[in-house]
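Remarks on the structure that follows.
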Number of protein chains: 2
Amino acid sequence: MEAAAALDSLSALAHPTRLDAFRRLVRSEPDGLSTGQLVEASSLSQSTFSSHLAILVGAGLVMPEKHGRQMIQRANIEALRDLMLFLAKDCCEGRAELCEPLLAELSPCC
Amino acid sequence: MEAAAALDSLSALAHPTRLDAFRRLVRSEPDGLSTGQLVEASSLSQSTFSSHLAILVGAGLVMPEKHGRQMIQRANIEALRDLMLFLAKDCCEGRAELCEPLLAELSPCC
DNA sequence: AAAATGCATCGATAATTATCGATGAATGGA
DNA sequence: TCCATTCATCGATAATTATCGATGCATTTT
């Protein structure tokens, strides 16, 4: 993942509404949620939320699937992994010992 | 880490200048870099960069140390770990199998 | 076919963020 | 002490982002 893509992902997640929606989608994998359900969970207007969603989709963090007349939104776990990999790579490349405590706390959570 | 703190970190990193500076600092651990060196690496004015740096410090991602008349900036690896943990926790809590491929690619890098 | 539903897009406005030069405060050196 | 250096803060302006209601398009239901 290049820095530009990482920036897109970070920017997309750097908003309360979008971070909340993304987390909601990650948790609801692999079923996903409809756009309407997400709008309802947010406290914003439909059009405003739609533009937020478009930013998540544009960053590749969310993948919409057309389902009748509603859209089912699904988190892209691979994109999340890529972002985390990007963030971790800096310290891993420099000095692995910096990365070890990072993984040490990450592993037991799974 | 609560969502509010994660948002601060994400917002802080969601800017080309700040992401670049932070990565530079992670790589230069544990020595750190002076503010002046970071300004030089950026293509911005001293005052503009200073405000960017303040955002990284405010998010807890960078920890300045006074050193004579210059400030030595150091990346806070613990804060980076906390952010990654926060991002990973969503899928881990929901379904561990989503998190496994994430760690699978993360481990060999260290 | 007509009405209703679910969602994206448009246009406008408000709010936030980025940028800069100038100034000021603290420190080290002459 | 006086000057130079390093960096933060201030005030102003430009640029970007967030928000909304209205409208439009596709699809399902009646």
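First the proteins, then the strands, lettered A, B, ... as listed; each starts at 1.
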Expected rows: protein N/O vs nucleotides 23-30 of chain C N/O, under 3.5 Å:
from	atom 1	to	atom 2	distance (Å)
dT27(C)	O2	Arg69(B)	NH1	3.3

Could I get a table of every N or O pair under 3.5 Å where one atom is in the protein and the other is in nucleotides 12-14 of chain C?
none

In numerical order, the residues of residues 14-24 of chain A whose heavy atoms come under 4.0 Å of DNA chain D are His15(A), Arg18(A)

Starting at CZ of Phe49(A) and ending at C1' of dA8(C), how long is that distance when rounded to a whole Å? 13 Å

From dA8(C), dG21(C), dT19(D), nucleotide with atom closest to Ser47(B) side chain: dG21(C)

Partner set under side-chain contact (heavy atoms from CB on, under 4.5 Å) for Ser50(B), not counting sequence neighbours: Gln46(B)

Donor-acceptor contacts, no H, no angles, side chain residues 7-17 of chain A, under 3.5 Å, sequence neighbours left out:
from	atom 1	to	atom 2	distance (Å)
Ser9(A)	OG	Ala5(A)	O	3.4
Ser11(A)	OG	Leu7(A)	O	2.9
His15(A)	ND1	Thr17(A)	N	3.1

Would you indicate which nucleotide in dT19(C), dT19(D), dA18(C) comes nearest to any side-chain atom of Ile55(B)? dA18(C)

Closest approach of Gln73(B) and Pro64(B), non-hydrogen atoms and distance? OE1-CB, 3.4 Å

Counting only heavy atoms from other residues, nucleotides and ligands, does the tally under 6.0 Å from CE of Met63(A) exceed 12? no

Nearest of dT19(C), dG21(D), dT9(C) to any side-chain atom of Ser45(A)? dG21(D)

Could you identify which residues of residues 32-43 of chain A place a heavy atom less than 4.0 Å from some atom of DNA chain C, listed by residue number, or say none? Ser34(A), Thr35(A), Gly36(A)

